[in-house]
Amino acid sequence: MRVSYKNGVKKVLKATALVAALVAAGCGSGEKAEPTVSTPSVASPTAEPIDQQAFTWTDKDLLTADFTLYRVDCASQDTGSFPSGSSAGLCQSLSDMPYGEDPVTHTFWGYHKAAEILPEEDSLGEGITAFKWVVSKEASDPSKAEICYDFSVPEGNYTVTLGFYNPFGVRKINVECEGKTEIKSEKILRYNVNEKSFEAKVTDGTLNLKVFNPNANTFMESPILSYITIATDPEYTRELLSAAVEAMRTDNAAELYTESSAASYLSALEAAEKFLAKESNDGTNQIKQKFKNLRESYKMLTKKLKYDSFNPGAVWTDTEGTPIQAHGGQVQQLEIPDPATGKLVTKWVWVGEDKTNGYRGGVCAYTSDDLYNWQFEGVIMRNVPSRRALEKEEYFKSLYAGCTDAELDNVALALDAERAVIERPKLIYNEKNKQYVLWFHADGPTATSNSNYAAACAGVAVSDTPFGPYRFIGRYRLNTCPPDQEDKHPQSKGMARDMNLFKDTDGTAYIIYSSEENLTLYISKLNEDYTYLETAPEKAVYGKDFIRLFPGAQREAPALFLKDGKYYLMTSGCTGWAPNQARYYVSDSVMGEWTSKGDPCVGDVNHTTFESQSTCIFRDVNSGTWIYMGDRWFADTLNDSRYIWLPIVFKENGDMEISFVSNWKLQ
Ligand code: GAL
């Protein structure tokens, strides 16, 4: 049954009043000019009453349309395109049109043609919209340029949302609706999703909208408009809530959707159902709250993605549907306590850089049973928002309880959220004292240099549990070039940047890192606790405590592993975030003679390691597959950097080969 739109009473706008309103509706601010109605495909307004069915919907219609009466993809003028993949509003059949009667819904709506307004296709639309209105370069007075729309709507309250996609310099926008200034001198930033919403009350059957910039002196400051949504504010009745419960009922939510999204949806659904089951007269606000919670949580339901293969370079999400943040990372199998039972379980553990907020961040961890699907275990080492936070925030307070002021200063410096650089974290478990030790490239400015890579240190943090929180204990410069060898960068001693760890079969652990301004790789022995060098740099003996590798060859991103008695060391060149050609080396022992074996990549036509940089190589114990893990860095959107995992083939003579496979499974 079709029910009326408001209050159970059919909402009929008086035909004459409506037509009068439509005709009178010039643009915005009470300026009642004759509307320019045009294009042959759209009928002109007639004196005939509007078919009131145009304004008659069921609750279900409203719910399906998300209460949207109009959703305009400005300047697009076709039936197919609506902003961000959404569909038409209830009152329209076209995505935009000049002001006139909609050929299907018979409402009157559209833009008012003005000589200075031009449609422009948005090549940088980024999914927001394909088109927008701009002002012509020829416009004689840009301050007078206006983008005007009118929409016939029933009397009532509306939420108007305007989208501005701005590929130009910052410009300022004014918006008038129903003659009232709703947005004044609002900055529309370049390349941002600029979306503004406001509430409007309509009493005359037409919602008038005007977008302009009264202070535009040149067309470079003139207004733009990409999309408009007009949503009706519904009457929050028990019937509406009940229709919402039915429309949004989702079977098997817990199975199909991510844990957190399903949990909030199910609790909102339960609250709504409980409310409806009660014979109470609780007011609109209660219903509105229940309704909104249900609608929001329903919209947020996120499908569980179950992977059964690797897709190098594609977005890789965790079990909650969030892109994995574990860059410059490491994967290894560990026996860790099951949080529910406390019993030890074998899990794959992936640690890496958290680039959620871009360049600077802490360290994240994930676990998996199959290497395809990863569960987020949290930010295991956070960076520090301020020195003050170390003494005020509970998280840091308990972690650094008992530290001296000088120690706290050091933590604040090394993990400073605004200045520190935390890269290439690697985790190692110490069987002897049951401690987890996290090493990372700890960098940032120093007292004498503002460079992000001036400190050039290796940082260490420890925890008794695999997923922290890890307590930072120090950052250090490491071994230095012996006097009888040629130091490639004598002006700064003991530098340690891109790093990795390796635990040998006898339990001895090593740190492998770029030193001498990234010109020379070093391998240094760690102490029994794995928390520092076996021998401090001043006393270290070359060949026993550390070695220098390939002086001047400029290698970084080291990944060391042992296979069939042979040690392999994968490396990249040093070109920042840009990928370059890989090179690997082999040796009979960690501290032995390393021989260059060249580039292991096959078919890598651009010599960029398939657009990636090495970070770890490990073996899947079940399938026996060796896996190359690399990062495809996106310098401008580091958080979106991708993971390149590829199977390694070892030839009979032990040489390794890596080919690109766009989709592959463990055999
Ligand atoms: C690379 C390095 C990355 C990061 C980047 C910054 O050479 O491997 O970990 O430091 O430079 O440009």
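Counting convention: from 1, in listed order, for ligands and their atoms alike. Keep in mind the model is a prediction, meaning the values are calculated, not measured. The basis for the numbers below is simple: all heavy atoms, side chains too, and nothing from hydrogens, waters or symmetry mates.
Residue-to-ligand polar distances keep Glu353 apart from ligand 1: every N/O pair is separated by 3.5 Å or more. Checked against a 3.5 angstrom limit, the closest N/O atoms of Tyr453 and ligand 1 fall inside it. Taking only nitrogen or oxygen atoms, main chain and side chain alike, Arg424 reaches within less than 3.5 Å of ligand 1.
Atom numbering of ligand 1 starts at 1 in the shown order; those under 4.0 Å from a heavy atom of Glu423 are 4 (C), 9 (O), 10 (O). Within ligand 1, counting atoms from 1 as listed, the ones closer than 4.0 Å to a heavy atom of Gly576 are 1 (C), 7 (O), 11 (O), 12 (O).
Using a 4.0 Å cut-off between heavy atoms, His441 makes no contact with ligand 1 at all. Contact annotation: for Arg497 versus ligand 1, there are no heavy atoms closer than 4.0 Å.
Residues Tyr628 and Ser612 bring a donor and an acceptor atom of their side chains to less than 3.5 Å of each other. Side-chain polar atoms of Gln375 and Thr319 form no donor-acceptor pair below 3.5 angstrom. A donor-acceptor contact under 3.5 angstrom links the side chains of Ser368 and Asp370, judged on distance only.
Scanning all protein heavy atoms for the shortest distance to atom 7 (O) of ligand 1 gives Glu556 OE2, 2.3 Å. Atom 8 (O) of ligand 1 has as its closest protein heavy atom Asp498 OD2, 2.5 Å.
The CH2 atom of Trp316 sits 9.0 Å away from atom OH of Tyr643, with the distance rounded to the nearest 0.5 Å.
Under a 4.0 Å N-O distance rule, the pair Arg548/Glu516 qualifies as a salt bridge.
No side-chain heavy atom of Tyr476 sits under 4.5 Å from any side-chain heavy atom of Cys457.
Side-chain atoms of Trp594 never come within 3.5 Å of backbone atoms of Phe550 as a donor-acceptor pair (strictly under, hydrogens ignored).
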